[in-house]
Protein chains: 2
Amino acid sequence: MATRGFAGLTLRAVAAELGATTGLLTHYFPTKNALVAYALDLLEQRTISRPRRHTGEGLAALRDALLDILPLTPEAIDSNRIWVSSWDAALSDPALSTDYARKYAQSRNGLSERVAAAQKLGELPPGDPAHIAAGAQFFVLGLVVQALFDPAAFPPQRQVELLDDYLATLTARTDPTTITRDDPGGGL
Amino acid sequence: MATRGFAGLTLRAVAAELGATTGLLTHYFPTKNALVAYALDLLEQRTISRPRRHTGEGLAALRDALLDILPLTPEAIDSNRIWVSSWDAALSDPALSTDYARKYAQSRNGLSERVAAAQKLGELPPGDPAHIAAGAQFFVLGLVVQALFDPAAFPPQRQVELLDDYLATLTARTDPTTITRDDPGGGL
DNA sequence: ACATTGCCATAACGCTTGTTATGTGAATGG
DNA sequence: CCATTCACATAACAAGCGTTATGGCAATGT
C-alpha cells in the first residue's frame, strides 16, 4: 500500500488489501478524499504518539527530534514515502498546501525550542533559534528525500553520521567576515 | 499545467492547453508515459542549459550552483513544483527511482567539485568534499520543498539569506569534541 | 493536374474510476 | 421470537481515462 504510490491508490485496491470490498469503504467514508484525509491524519497521529527518543536535554534533545524524522526503520521509511508522495496532491490543492505549511511551521517551532534550550546550555552558539531550527529542518527534509530514493547509498548509519556532521558544524562558532551576505543573489 | 499536479495530468488537458486534441499527442507519442518522460527530460535539459550564475570561483561558485536550484523566480517555482510532484511516480517505479538517485548523485558530484575547489582556496575547512556537498544538497532540497509550500514565509530574499547562513556555518571550523559521534542513534 | 503521403481532428472503444443503489445475513432489542 | 437495524457484499452506473481506428485536408512530389 505504501509501495504503489498515490497515483495508483484506488478504493478497490485499498479494499482488496483489507480483504473487503468497496462497500465497506463507502459505508464509513462519504468520499475518497475523506478516506485519504483520514489516512493521512492517522499517519500523522501515529508518528506523533509513537515512542520518541529522549537521550538528554539541549542539543541531545534536538538531535533526538531530528533522528525521529529520518527513515531509519522500515516503518519510518513507509511513513516518509507516503508523506513525500502526498506532496503532489498537497501542492495542487491550496487548502491542503496551507495546511501542510502550517504543520511544517509548527515542526520548526518545536525544533526552535530545543535550539534555544541548547543555546542556554551553551551547546550552540547564539543566533536566531528559529533560523537555526529552519536550517536543521531543511537538512533533515532533504536527507529524507535522498534516503528514500537511494536507500543503499544512505543506510541508517550514514544518515545518522550525516546528521551528526551537520550538528557538529552548528556547534562551531560562525565567522561573520568570510561570506558575502550583502549580495542579493543575482549575477547570472 | 504546472498547477494541476501530476494526479490530474490527462492527455486531454495537455491537448487543451496546447489548443489541440489528443490526436496530436498520440501521433507524436506512442503512450502517455512516453510523453511524461519526454516532458521531464525536456524540463531537465532546460534547467541544465539555461543561463547559470557565475559570480566567482571556489565558495562563490558553490553558492551560485545552490542558488540556481532554489525557486527564486516564477519559472524556477514551476520547475521545482513539477519536479517535486514527480517524486510520487518516481518512488513508485523502481526504474525511475534508480534513475532519480543517479541524477541526484551526479548533482552531488558537481557540488563536490566546487567544495573541493573552495577548500583549495582555503574558503572552506578541510573534510570530505562529498560529505559537505551532500549536506549542502540536503539543505537546499529541504528549503525548496518548504518554499514551495509556503512562498510567503520564504520569499527569494529569505531563501538567499538562509542559504548564506548555512554557508557561513560551513566556513567556520568544526569542533570535533562537542558532539557525540559514537552514539548509533538509538535511545528511544 | 493528379496521386500520395503526412498531420491531426474526430469519434469510438474498452477499461477503470468513484459513487450510488440494492440486497442479504447477522446482530440487536423489546 | 419476531421486527428492526446495522454492516457490508454485490451489482450497476455515469464519467473519465488511455488508446485505437477512421476520415479529411493540406502539403508534396511527379
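Note on naming: letters A, B, ... go to the chains in the order of the sequence lines (proteins, then strands), and numbering restarts at 1 for each one. Reckoned from all heavy atoms, side chains included, excluding hydrogens, waters and symmetry mates.
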Undergrad: Taking the nucleotide of DNA chain C with the closest heavy atom to each, which residue, A/G23 or A/G8, is nearer the 5' end?
TA: A/G8

Undergrad: Between the protein and nucleotides 5-7 of chain C, are there any N/O to N/O pairs under 3.5 Å, and if so, what are the atom names and distances?
TA:
{"from": "C/dC7", "atom 1": "OP2", "to": "B/H27", "atom 2": "NE2", "distance (Å)": "3.4"}

Undergrad: Looking at A/T26, I'd like to know whether one of its side-chain N or O atoms comes within less than 4.0 Å of OP1 or OP2 on C/dT20.
TA: no

Undergrad: Residues two or more places apart in sequence or in another chain: which of them pass side-chain hydrogen bond (donor to acceptor under 3.5 Å, both in side chains) with B/Y104?
TA: B/W83, B/W87

Undergrad: Strictly by modelled atom types, are A/Y166 and B/T169 linked by a side-chain donor-acceptor pair under 3.5 Å?
TA: no

Undergrad: As a test of reading the structure: which of C/dC8, C/dT20, C/dG18 is closest to the side chain of A/T22, going by heavy atoms?
TA: C/dT20

Undergrad: Tell me whether B/D164 is salt-bridged to B/R63, with the criterion being a basic N under 4.0 Å from an acidic carboxylate O.
TA: yes

Undergrad: With DNA chain D as reference, determine whether B/T10 or A/G19 sits nearer its 5' end, using the nearest nucleotide of each.
TA: A/G19

Undergrad: Indicate every side-chain donor-acceptor pair of residues 29-40 of chain B with a distance under 3.5 Å to a residue at least two apart or in another chain.
TA:
{"from": "B/K32", "atom 1": "NZ", "to": "B/L9", "atom 2": "O", "distance (Å)": "2.9"}

Undergrad: Using the test side-chain hydrogen bond (donor to acceptor under 3.5 Å, both in side chains), find all partners of B/R158 that sit at least two apart in sequence or belong to another chain.
TA: none

Undergrad: I'd like to know whether NZ of A/K120 has more than 12 heavy-atom contacts from other residues, nucleotides or ligands below 6.0 angstrom.
TA: no

Undergrad: Provide, to the nearest angstrom, the distance between the CZ atom belonging to A/F29 and the P atom belonging to C/dT19.
TA: 12 Å

Undergrad: If the threshold is 4.0 Å, N to carboxylate O, is there a salt bridge linking A/D78 and A/R81?
TA: no

Undergrad: Could you tell me from which nucleotide to which nucleotide of DNA chain D, 5' to 3', there is an atom under 4.0 Å from chain B heavy atoms?
TA: D/dC17 to D/dT20

Undergrad: In whole angstrom, what separates A/L11's CG from C/dT19's P?
TA: 6 Å

Undergrad: Nearest whole angstrom, please: distance from the C1' of C/dT10 to the CZ of B/R12.
TA: 11 Å

Undergrad: Taking side-chain contact (heavy atoms from CB on, under 4.5 Å) as the test, write out the residues that go with B/A60, two or more places apart.
TA: B/T55

